[in-house]
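A short write-up of the structure that comes next.
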Amino acid sequence: MSRFDDMVNGLRDEMDIPENVWRGYAQTLAELPEKNGGRNTGGRKTEYGNRKRKGKRTSGGMAVLKAAAFVLISVTVIGSGVYAAEKYFGILDFLRGNGNAGVDLSVEAEDLIVPVTEQEQEKETPVDGMPVEYTVKEAMCDSDSIYVVLEARAKETGRYFLVPEDASEEEDPVRDWGIDGDMSAAEYAASKGLEIKHVNAGIVNTDELGIAASAIYFQSVSDDVMDIMIESGKTEKGKTFDVVCTGILWDKTMVNMEDILRTEIRFTLTDISDAAATAYMPSGTAQIPGTGAVIEKAEVTQTKLGTYLEILYRDADGDINMAPSFRLAGSNGEEHRIRMGSGTEILENGEYFWRLSMEKVELGDSITLEAYNAETKEVYGTFELVRQ
């Protein structure tokens, strides 16, 4: 078991995580491509998320997210070649990086990116001796997602080598986070006489923002500078948000969760995008074969950044082992590329919820959902839903 796995298990021990949420973690993890397999062929991307559902939302009758937690891990190519030291790796660079599976942005969506100045962010480091400083560089959001780029920069140059939090020092090659070469992190650091420090970042106030999951991307700028992008799905529909980010630092000398060093950064982010939501209802039977689940409705939200699909269904059996996963199929049977999925969420009164964040796609008067078992890969069936 890796040190990162130990930390994940420590998190579970310290927090009261509902079983259905933890199962969502395992289910989503099982769906991810193997490292160096499929379109994810290296690189570094880590996913975190916090969610629990309670109450009702006024728009479309969907439920509002509350706190809980699960942790996901995956890998994505960001690109090769260390970035120029005087330029940070921004949102567009992450999304358009060589080989990156992230969605490209339209010209209109690029206008949503806003720089965050030093004066606009409030930093707090609760402990002394933090050798790395974190700074928010830029951010953007729409009705359903938030993107934040932070920079982790060593306060003392020429001493440290910064690597992602879950990187295996002996196994993971430095090319995973954008450095040319096949050396492992440990070999690279030894060749330069550098001390390895593991860095990460995330959004703290997930409950307040209704964040379900976050994908974390890493790109090396120089040996002691790492740029980190957070991509989060959210349900809070306000226009102005107080965002609290955290920077995390650990090394091999830290033996438990309490040893990890953290810093917090607060800033205000304004949603300057437009969003349009459309409801879709089943055109016929919506009973999912082999399960007790019945699809009730779907809601599609379109923004300049992406397409978001929320599926509400009822399950009389309440068997989480048979809980369906969903994907949106195109007219030719192809599957639209998914950027992030929520996993199964238990609501109230036997209702369940599934949410997908997809690359921008224009949908017609009907959509076709495919229900399947994420663990066995068995396809339960396909269902047509019609625009209301």
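Sequential numbering from 1 along the given sequence is applied to the chain's residues.
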Tell me, with the steps shown, if Met281 and Leu385 meet side-chain contact (heavy atoms from CB on, under 4.5 Å). CA-CA 5 Å; Met281 303 294 292; Leu385 284 77; over 6 Å; no
Please assess Thr382 against Leu369 for the test side-chain contact (heavy atoms from CB on, under 4.5 Å), listing each intermediate value before the final yes or no. CA-CA 6 Å; Thr382 58; Leu369 293 180; over 6 Å; no
Checking side-chain contact (heavy atoms from CB on, under 4.5 Å) for the pair Leu305/Ser145: CA distance, chi angles, key distance, verdict? CA-CA 8 Å; Leu305 297 182; Ser145 63; 3.9 Å; yes
Evaluate Ile288 against Phe383 for side-chain contact (heavy atoms from CB on, under 4.5 Å), listing each step before the verdict. CA-CA 9 Å; Ile288 301 176; Phe383 306 87; 3.8 Å; yes
ring-ring contact (aromatic ring centres under 6.0 Å, His included) between Tyr313 and Phe326, intermediate numbers included: CA-CA 11 Å; Tyr313 68 95; Phe326 296 92; 5.5 Å; yes
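Using a distance-only test at 3.5 Å, with no hydrogens or angles considered, no donor-acceptor pair links the side chain of Asp176 to the main chain of Asp172. Here the side chain of Asn256 pairs a donor or acceptor atom with the backbone of Asp259 at under 3.5 angstrom. At distances below 3.5 Å, at least one donor-acceptor pair connects side-chain atoms of Thr246 with backbone N or O atoms of Thr263. No donor-acceptor pair under 3.5 Å is formed between the side chain of Glu156 and the backbone N or O of Tyr160. In this structure, the side chain of Lys234 engages the main chain of Glu236 through a donor-acceptor pair within 3.5 Å. No donor-acceptor distance shorter than 3.5 angstrom exists from the side chain of Ser220 to the backbone of Trp177, with no hydrogens or angles considered. Glu187 places a side-chain N or O within donor-acceptor distance of the main-chain N or O of Ser184, the cut-off being under 3.5 Å.
Of the options Asn200, Val149, Val136, Ile203, a side chain to side chain contact (heavy atoms under 4.5 Å, CB included) to Ile230 is made by Ile203 and by none of the others. Residue Phe267 is tested with Val148, Thr117, Val244, Asp242 for a side chain to side chain contact (heavy atoms under 4.5 Å, CB included); the sole match is Val148.
With Tyr134 as the aromatic partner, Arg153 does not meet the cation-pi criteria of under 6.0 angstrom to the ring centre and within 45 degrees of the ring axis.
In this structure, the separation between CG on Asp224 and OG on Ser222 is 4.5 Å, given to the nearest 0.5 Å. Distance check, rounded to the nearest 0.5 Å: CG of Asp315 to CG of Leu347 gives 11.5 Å. Atoms CG and CZ, from Leu209 and Phe241 in turn, are 7.0 Å apart once rounded to the nearest 0.5 Å. From Ser273, atom OG reaches atom NZ of Lys304 across 7.5 Å, with rounding to the nearest 0.5 Å. Atom-to-atom distance recorded for Arg327:CZ and Met358:CE is 13.5 Å, nearest 0.5 angstrom. Taking OG1 of Thr157 as the reference point, atom CG of Asp223 lies at 11.0 Å (rounded to 0.5 Å).
Salt bridge present: Glu170 and Lys252 bring a charged side-chain N and a carboxylate O closer than 4.0 Å. With respect to the salt-bridge test (charged N to carboxylate O, under 4.0 angstrom), the residues Arg266 and Glu264 qualify. A salt bridge links Asp182 with Arg175: the closest approach of a Lys/Arg side-chain nitrogen to an acidic carboxylate oxygen falls below 4.0 angstrom. The pair Asp144-Arg355 counts as a salt bridge, with a side-chain nitrogen and a carboxylate oxygen less than 4.0 angstrom apart. Ion pairing of Arg314 with Glu296 is present here, as a side-chain N (NZ or NE/NH1/NH2) and a carboxylate O approach within less than 4.0 Å. Salt-bridge formation is not detected for the pair Asp227/Lys137: no Lys NZ or Arg NE/NH1/NH2 atom is positioned less than 4.0 Å from an Asp or Glu carboxylate oxygen.
Ile367 and Val294 fall into different hydrophobic clusters, where Ile, Leu, Val, Met, Phe, Trp and Tyr side chains are chained together by heavy-atom contacts under 4.5 Å. The cluster map of Ile, Leu, Val, Met, Phe, Trp and Tyr, joined by side-chain heavy atoms under 4.5 Å apart, puts Ile272 and Ile113 in the same cluster. The hydrophobic cluster containing Leu249 also contains Met257, counting ILVMFWY residues as joined when their side-chain heavy atoms lie under 4.5 angstrom apart, directly or transitively.
For the pair Gly181 and Val174, the tightest heavy-atom approach, listed with the atom from each and the gap, is O-CG2, 4.0 Å. What you find for Met229 and Leu95 is that their closest heavy atoms are CE-CD2, 4.0 Å. Between Asp251 and Glu195, the shortest heavy-atom distance links the atoms OD2-OE2, 4.1 Å. When all heavy atoms of Pro164 and Met226 are compared, the pair lying nearest together is CD-CE, 3.9 Å. Taking both residues in full, the closest heavy atoms of Leu269 and Cys141 are given as CD2-CB, 3.7 Å, listed atom of the first, atom of the second, then distance. Nearest heavy-atom pair, Ile91 versus Met140, reported as atom, atom and distance to 0.1 Å: CG2-CE, 3.6 Å.
Side chains of Val386 and Asp365 form no contact here, defined as non-hydrogen atoms less than 4.5 Å apart. Within the 4.5 Å cutoff, no side-chain heavy atoms of Lys197 are placed close to those of Phe161. A heavy-atom distance below 4.5 Å is found between the side chains of Ile248 and Ile260. Under the 4.5 Å side-chain criterion, counting only non-hydrogen atoms from C-beta, Tyr380 is in contact with Thr291. Side-chain atoms of Glu138 and Leu92, non-hydrogen and from C-beta on, never get closer than 4.5 Å to each other.
Asp142 and Thr303 share a side-chain donor-acceptor pair at under 3.5 Å. For the 3.5 Å distance criterion, the side chains of Lys297 and Gln388 fail to qualify, holding no donor opposite an acceptor. Glu378 and Asn373 form no side-chain donor-acceptor contact under 3.5 Å, judged by distance and modelled atom types alone. With no hydrogens or angles considered, a side-chain donor-acceptor pair links Gln302 and Thr307 at under 3.5 Å. Of the N and O atoms on the side chains of Ser143 and Tyr308, not one donor lies less than 3.5 Å from an acceptor on the other residue. Under 3.5 Å, the side chains of Thr135 and Lys123 contain a donor-acceptor pair of N or O atoms. Donor-acceptor pairing under 3.5 Å is lacking for the side chains of Tyr280 and Glu299.
Relative orientation of the Trp250 and His198 rings is parallel, given thresholds of 30° and 60° on the angle between their planes.
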